[in-house]
Amino acid sequence: MDSVTYVQNVTSGPNSALALRGLTKRFDDKVAVAGVDLDVPVGSFYGLLGPNGAGKTTSLSMAVGLLRPDAGNAYVLGHDVWSDPVEAKRRLGALPDSARMFDRLSGSELLAYTGLLRGLPADVVDSRATELLDVLGLADAGRTLVVDYSAGMKKKIGLACAMLHAPRLLVLDEPFEAVDPVSGALIRDILIRYVRNGGTVIFSSHVMAVVEKLCTHIAILADGQIKIVGTTEEVRGGRELEDVFVDVVGGRVATGAELSWL
Ligand SMILES: Nc1ncnc2c1ncn2[C@@H]1O[C@H](COP(=O)(O)OP(=O)(O)OP(=O)(O)O)[C@@H](O)[C@H]1O
């Protein structure tokens with residue numbers, strides 16, 4: 001796949017769209033995130049990779065104010081997510097993992113609820129919700145309860161909720177998981193246009209081809225720590241991203257002796 005080009009300047013440092021500093025989280029004896037530092041430059045399309053259990057969801061949940069860190073800070077365009085949540089969340093749209101949604105509402109109701117909670121005027125919510133449902137192919141399901149949506153439809157309504165207030169940063173946990181190829185391409189196009197218009201995206205994924213194609217920057221997380229970070233070219237170093245990933249996280253090769261009973 002050809003890589004996508006974006007036009008705007010990319011700025012980082014104190015002006016990062018998202019800055020994580022020493023984020024740490026422990027669940028009982030398990031250290032899920034062990035001091036993550038990350039700068040997501042304004043205008044970047046940032047891919048967060050890592051094997052199952054690496055700490056991606058935990059890191060992103062802390063970054064958007066859904067999970068309180070044991071230590072460390074998260075800043076959205078300079079606003080601390082935990083001490084200045086109103087300003088931080090005004091600039092932020094989040095697609096959390098799985099079903100942290102009010103799923104006993106219909107798609108239209110969920111968007112209306114989300115928009116009004118965000119302080120948008122009712123007529124703006126109404127017209128944006130209609131447009132989002134239409135663009136994402138959910139117009140026919142606008143009156144269906146979200147609990148009855150398929151997994152891919154839940155992703156799409158979650159994405160619509162994240163984008164409704166036109167945030168400057170999108171933090172998306174596995175936005176391409178469970179969506180069909182047509183919907184995946186649609187979501188990619190929407191996000192590419194969003195970044196070209198000056199937005200910033202960070203998303204977690206297991207799909208190397210998508211990350212390789214879309215992302216300006218990549219971080220690979222394993223055992224709760226960032227193992228490698230940089231621009232896509234720097235991280236790849238002229239190799240296939242999948243090979244770099246396997247090297248970085250320590251791949252496991254079947255010997256043929258396993259599951260001999262099967
Ligand atoms: N609420 C929780 N209670 C206990 N342990 C948890 C909890 N949430 C996450 N963990 C543990 O923290 C570690 C990191 O989990 P996390 O969900 O952040 O990984 P991930 O990189 O998102 O994985 P995946 O790619 O499978 O979604 C795992 O060992 C997981 O079992």
Side-chain angles (χ1 to χ4, degrees), residues 18-40 45-74 76 81-82 92-103 149-159 162 169-179 183-184 187-188 191 201-215 217-230 232 235 241-252 254:
L18 178 68
L20 308 181
R21 294 289 178 269
L23 272 191
T24 302
K25 187 72 187 178
R26 173 191 286 272
F27 297 107
D28 300 322
D29 290 344
K30 170 79 191 173
V31 179
V33 176
V36 162
D37 293 311
L38 194 69
D39 275 297
V40 177
F45 209 136
Y46 216 111
L48 181 61
L49 298 174
N52 294 133
K56 301 180 295 300
T57 294
T58 307
S59 298
L60 294 182
S61 300
M62 291 190 285
V64 301
L66 282 171
L67 180 69
R68 189 174 284 280
D70 295 337
N73 297 89
V76 174
V81 170
W82 289 97
L92 163 74
L95 172 68
D97 76 319
S98 59
R100 286 198 215 180
M101 277 188 274
F102 294 108
D103 57 9
Y149 277 16
S150 71
M153 290 163 76
K154 283 182 183 155
K155 280 284 174 204
K156 291 197 278 185
I157 197 73
L159 187 63
L169 168 69
L170 285 173
V171 179
L172 312 174
D173 198 349
E174 300 201 29
F176 300 103
E177 186 199 34
V179 295
S183 298
I187 292 173
R188 282 204 301 274
L191 296 179
V201 175
I202 176 167
F203 72 105
S204 63
S205 182
H206 292 293
V207 189
M208 300 288 150
V210 171
V211 171
E212 210 159 16
K213 180 175 184 209
L214 289 184
C215 292
H217 295 70
I218 294 172
I220 299 180
L221 194 66
D223 301 323
Q225 295 176 321
I226 301 278
K227 300 293 183 187
I228 185 169
V229 66
T232 301
V235 169
L241 183 57
E242 191 167 331
D243 295 337
V244 174
F245 180 87
V246 171
D247 276 0
V248 166
V249 307
R252 186 163 174 237

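Values in this document were obtained by computation on a predicted structure and should not be read as measured data. The figures that follow rest on heavy atoms only: side chains count, while hydrogens, waters and symmetry mates do not. Atoms within a ligand are numbered from 1 in the order they appear, just like the ligands themselves.
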| field | Protein heavy atom under 4.0 Å of atom 29 (O) of ligand 1 | value | yes
| said: List ligand 1 atoms under 4.0 Å from His206, heavy atoms only on the residue side. | reply: 25 (O)
| Is ligand 1 under 4.0 Å from a heavy atom in the side chain of Ser204, in the backbone, in both, or in neither? | neither
| query | Would Asp247 and Lys227 pass as an ion pair if we require N to O under 4.0 Å? | reply | no
| So is Lys25 in contact with ligand 1, going by heavy-atom distances below 4.0 Å? | no
| message | Among all the protein's non-hydrogen atoms, which is closest to atom 21 (O) of ligand 1, and how far away is it? | response | Lys56 NZ, 2.7 Å
| Proximal atoms of ligand 1 relative to Asn52 (non-hydrogen, under 4.0 Å) | 23 (O), 24 (P), 25 (O), 26 (O)
| task | Apply the side chain to side chain contact (heavy atoms under 4.5 Å, CB included) test between Ile202 and each candidate in Asp173, Leu38, Leu20; give the one that qualifies. | result | Leu38
| task | Give the minimum heavy-atom separation between Leu191 and Phe45, together with the two atoms involved. | result | CB-CZ, 3.6 Å
| said: Could you check whether any heavy atom of Pro51 sits closer than 4.0 Å to an atom of ligand 1, since that is the contact criterion I want to use? | reply: yes
| message | Less than 4.0 Å from atom 14 (C) of ligand 1, is there any heavy atom belonging to the protein? | response | yes
| request: Considering only non-hydrogen protein atoms, determine which one is nearest to atom 11 (C) of ligand 1 and report residue, atom name and distance to 0.1 Å. | output: Phe27 CD1, 3.9 Å
| field | Reference residue Ile218; test side chain to side chain contact (heavy atoms under 4.5 Å, CB included); the match among Val211, Leu48, Val244 | value | Val211
| note | protein heavy-atom neighbour closest to atom 18 (O) of ligand 1 works out as Thr58 OG1, 2.6 Å
| Which atom names give the shortest non-hydrogen contact between Leu221 and Ser59, and what distance separates them? | CD2-OG, 3.9 Å
| task | Look at the rings of Phe203 and Phe176 and say which category their plane angle falls in: under 30° parallel, 30 to 60° tilted, over 60° perpendicular. | result | perpendicular
